Amino acid sequence: MKKEQMPIRYEELKWERMWKWVMQNSSYRGQQEDLVKYWDGRAKSYNEWIWQSNRAEKFISNLPIDKNFSVLDIGAEPGTLAIPLAKLVKHITVVEPSIGMLSCLKENANKERIDNISCINKRWEDVEPGKDIGMYDLVIASYSLSMPDIKEAILKMDEVARCGVYLFHFAGRNTQKEYGELWSKVHNKEYKPGPDYIYLYNLLYQIGIYANVEISETEHKREFSTLEEGISYWKELLNVYTQEAEKHIKSYLEKRIEKEDGKIILKQNYKSAMIWWRKDEKSNRNKEN
């Protein structure tokens, strides 16, 4: 009888390498060669609908807020979390590589008469602690973990956090199932999702950070004045403009849209993970690593 071989041990798994491989081979990454340029082009439309979601309110309710806190927001988009957070804490520093997103953030801050937000127009990978940034009570990154070298990125976050780090990311490979099905139809190839939260959690464990995880369901709600407006939005989102693609998008929307107050509403539910660790919780950190 053939002797069963020893399976791969957990310690031998290289989660940072797996993250990088899955990230670089994902459909999202492959379709957008220059992510900064992509978000520059989408900043305005993204800014218009992101405030329709309850994401910011829900995520902020989980943060340990203090009026004297300083917060570092990595990948701040148009201020999705930074704008409401700025009303609750002493100061916010945002790191956002997209000039388009920063422009929207500054406009949103002016409208809300917020003047306690500082902006750094760089990729997180290019930010230097001690030079570009100092120390912050809280460090947050919400759906902005597109860094291929995720281990280095996380260690830098941990380095500049006084109290804790809070990461928000997708949970489950089927969380974008409907989007993936539509993507496959319009691009005529298999949709490959990026790495979800389990890569992050396991990587943290390997580097000696015993993080907490909470999985929840979040609703994204998009409002459109007309079906044509919705089709245009999805063509831009999927970066495809053929007539055949338009037929698939129209069919997708017609099956899922609802009508409220004369507007077309598309609601999508997905699971998200909040991963966090507190710097003052010694039980959550392996000092030997």
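Keep in mind that the numbers below use all heavy atoms, side chains included, and drop hydrogens, waters and symmetry copies. Since this is a predicted model, take the numbers as computed values, not measurements.
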Test of understanding: with salt bridge (Lys or Arg N to Asp or Glu O under 4.0 Å), list the residues that count as partners of Glu260, not counting sequence neighbours.
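So Glu260 forms a salt bridge (Lys or Arg N to Asp or Glu O under 4.0 Å) with Lys267.
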Would you name the heavy atoms of [X] and [Y] that are closest together and state the gap between them?
X      : Y      : result
Met18  : Tyr199 : CB-CE2, 3.9 Å
Val94  : Ala82  : CG1-CB, 3.8 Å
Ile114 : Ala86  : CG2-CB, 3.6 Å
Ala141 : Met157 : CB-CE, 4.4 Å
Ala43  : Cys104 : O-SG, 3.8 Å
Ile120 : Asp132 : CD1-O, 3.6 Å

Worked check of side chain to side chain contact (heavy atoms under 4.5 Å, CB included) between Ile74 and Met147:
CA-CA 11 Å; Ile74 300 165; Met147 310 88 172; 4.0 Å; yes
One thing to verify: whether Glu112 and Lys87 come together as a salt bridge, which I'm taking to mean a side-chain N less than 4.0 angstrom from a carboxylate O.
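Here Lys87 pairs with Glu112 in a salt bridge, since their nearest N and O are under 4.0 Å apart.
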If you measure from the Lys or Arg side-chain nitrogens to the Asp or Glu carboxylate oxygens, is any gap between Arg123 and Asp126 under 4.0 Å?
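So Arg123 pairs with Asp126 through a salt bridge.
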Any donor-acceptor pair under 3.5 Å from [X] side chain to [Y] backbone:
X      : Y      : result
His187 : Leu238 : yes
Asn121 : Glu96  : yes
Asp137 : Cys163 : no
Asn116 : Val89  : yes
Arg113 : Ala109 : no
Asp158 : Ile154 : no
Ser45  : Arg42  : yes
Thr80  : Glu77  : no
Asp40  : Ile99  : yes
Lys156 : Val127 : yes

Assess whether atom [atom1] of [X] is packed by more than 12 heavy atoms of other residues, nucleotides or ligands within 6.0 Å.
X      : atom1 : answer
Asn188 : CG    : no
Glu258 : CD    : yes
Lys151 : NZ    : no
Lys44  : NZ    : no
Lys185 : NZ    : no
Lys235 : NZ    : yes
Arg17  : CZ    : no
Glu254 : CD    : yes

Under the side chain to side chain contact (heavy atoms under 4.5 Å, CB included) test, which residues partner Ser103, sequence neighbours left out?
Glu107
Assigning hydrophobic clusters by single linkage (Ile, Leu, Val, Met, Phe, Trp, Tyr; side-chain heavy-atom cutoff under 4.5 Å), is Ile257 placed with Ile265?
no
Does [X] have its ring centroid less than 6.0 Å away from the ring centroid of [Y]?
X      : Y      : result
Tyr143 : Phe170 : yes
Trp39  : Tyr46  : yes
Tyr210 : Trp277 : no

With a 4.5 Å limit on heavy-atom distance, are the side chains of [X] and [Y] in contact?
X      : Y      : result
Gln24  : Pro148 : yes
Val213 : Met274 : no
Trp19  : Leu203 : no
Trp183 : Lys189 : yes

If we ignore angles and hydrogens, is there a donor and acceptor under 3.5 Å between the side chains of [X] and [Y]?
X      : Y      : value
Arg162 : Tyr136 : no
Ser118 : His91  : yes
Ser184 : Glu181 : no

CD1 on Ile83 to CD1 on Ile92, rounded to 0.5 Å:
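Spacing of CD1 (Ile92) from CD1 (Ile83) equals 9.0 Å.
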